[in-house]
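Down below is the structure, laid out as structure tokens.
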Amino acid sequence: MLTKDLAVAINDQVVNELYSSNAYLAVATYMDTLGLKVLAGFFFQQSSEERGHALKLLHYLMSVGATVTIGTVPAPRGTFESVEDAIQHSLNQEITVTNQINALMGLAHKHDDYATASFLKWFVDEQVEEQASMNDLLLLVKNAGPHNFLLVEDRLLKTGKVSLAADPEAE
Ligand SMILES: [Fe+2]
Ligand SMILES: [Fe+2]
């Protein structure tokens, strides 16, 4: 059984992941307005993954019989100065989520809740990957310079991490 504060914190994390999902939708549509369809696709894909994280947390709450309350998701930032700014914002968001996950893990340990700690380990590992991949993208954009986004998109396509039809809803 989850302790009450852990149940509340995991419910809060559902909102945080949905916020991330919406933050990436905002970045995806920004990329699309610049005609950067591959970068847009990459962020649509990230957005779906974040929604997946929210669902994974929800299912955990249900599986341990905890109360699920879907909280209010704050609006994400909607305007960006540049491609670099939008990606820096995304990296900051990943760092924020890493801190949130670490705090959840800390709480699970504090309560000797090994089942929840074991469940949360997936998120700890996922954050290492997500932070690294966003950091790679930021470095790529910085190295390419302000007028070479098509090179960045080419490189992204070559990694196989994203395709032109990355919007799962479009398939
Ligand atoms: Fe996430
Ligand atoms: Fe993420």
Side-chain angles (χ1 to χ4, degrees), residues 2 5-32 36 38-64 66 68-78 80 83-109 113 115-142 152-153 155-157 159-163 166-169:
L2 279 187
D5 57 347
L6 204 42
V8 167
I10 295 176
N11 269 289
D12 286 347
Q13 192 58 27
V14 170
V15 171
N16 294 336
E17 298 290 345
L18 292 174
Y19 173 82
S20 274
S21 178
N22 289 347
Y24 289 154
L25 283 184
V27 174
T29 53
Y30 171 70
M31 298 298 181
D32 189 77
L36 299 169
V38 176
L39 277 164
F42 175 81
F43 280 98
F44 275 120
Q45 203 168 288
Q46 293 305 310
S47 173
S48 299
E49 281 185 23
E50 300 303 347
R51 187 169 185 278
H53 298 166
L55 289 176
K56 209 174 170 77
L57 292 160
L58 268 186
H59 283 287
Y60 182 71
L61 288 170
M62 292 189 295
S63 71
V64 296
V68 177
T69 312
I70 309 292
T72 305
V73 183
R77 185 175 147 197
F80 305 97
V83 168
E84 188 180 323
D85 176 42
I87 297 172
Q88 179 68 61
H89 169 65
S90 304
L91 176 59
N92 295 347
Q93 178 57 24
E94 288 300 335
I95 293 169
T96 299
V97 172
T98 298
N99 293 334
Q100 291 163 347
I101 297 293
N102 287 345
L104 278 179
M105 188 58 119
L107 204 51
H109 281 289
D113 185 342
T116 301
S118 169
F119 165 74
L120 288 171
K121 188 184 175 295
W122 183 90
F123 285 87
V124 172
D125 296 341
E126 175 73 4
Q127 279 315 115
V128 172
E129 205 180 289
E130 297 239 298
Q131 225 176 284
S133 108
M134 203 58 80
N135 197 46
D136 285 351
L137 183 59
L138 182 61
L139 288 177
L140 193 59
V141 164
K142 282 182 175 172
V152 171
E153 292 205 317
R155 180 75 81 89
L156 265 183
L157 281 175
T159 63
K161 277 190 193 161
V162 67
S163 68
D167 177 5
E169 307 302 325

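Start at 1 and go down the list; that is how both ligands and their atoms are numbered.
- The closest side-chain donor-acceptor pair between Tyr24 and Ser48, if any, does not fall under 3.5 angstrom.
- Residues Gln88 and Asp85 bring no donor and acceptor atom of their side chains to less than 3.5 Å of each other.
- Between Glu50 and Ser21, the side chains place no donor N or O within less than 3.5 Å of an acceptor N or O (distance only, hydrogens not considered).
- Interatomic distance, Leu6 CG to Asp12 CG, rounded to the nearest 0.5 Å: 11.0 Å.
- Within the sub-2.8 Å shell of the Fe ion (ligand 1), the protein contributes these N/O/S atoms: Glu17 OE1, Glu50 OE1, His53 ND1.
- Residues meeting the ring pair (Phe, Tyr, Trp, His ring centres under 6.0 Å) test with Phe123, sequence neighbours left out: His53, Phe119.
- To the nearest 0.5 Å, atom CG of residue Leu57 and atom CG of residue Asn11 are 9.5 Å apart.
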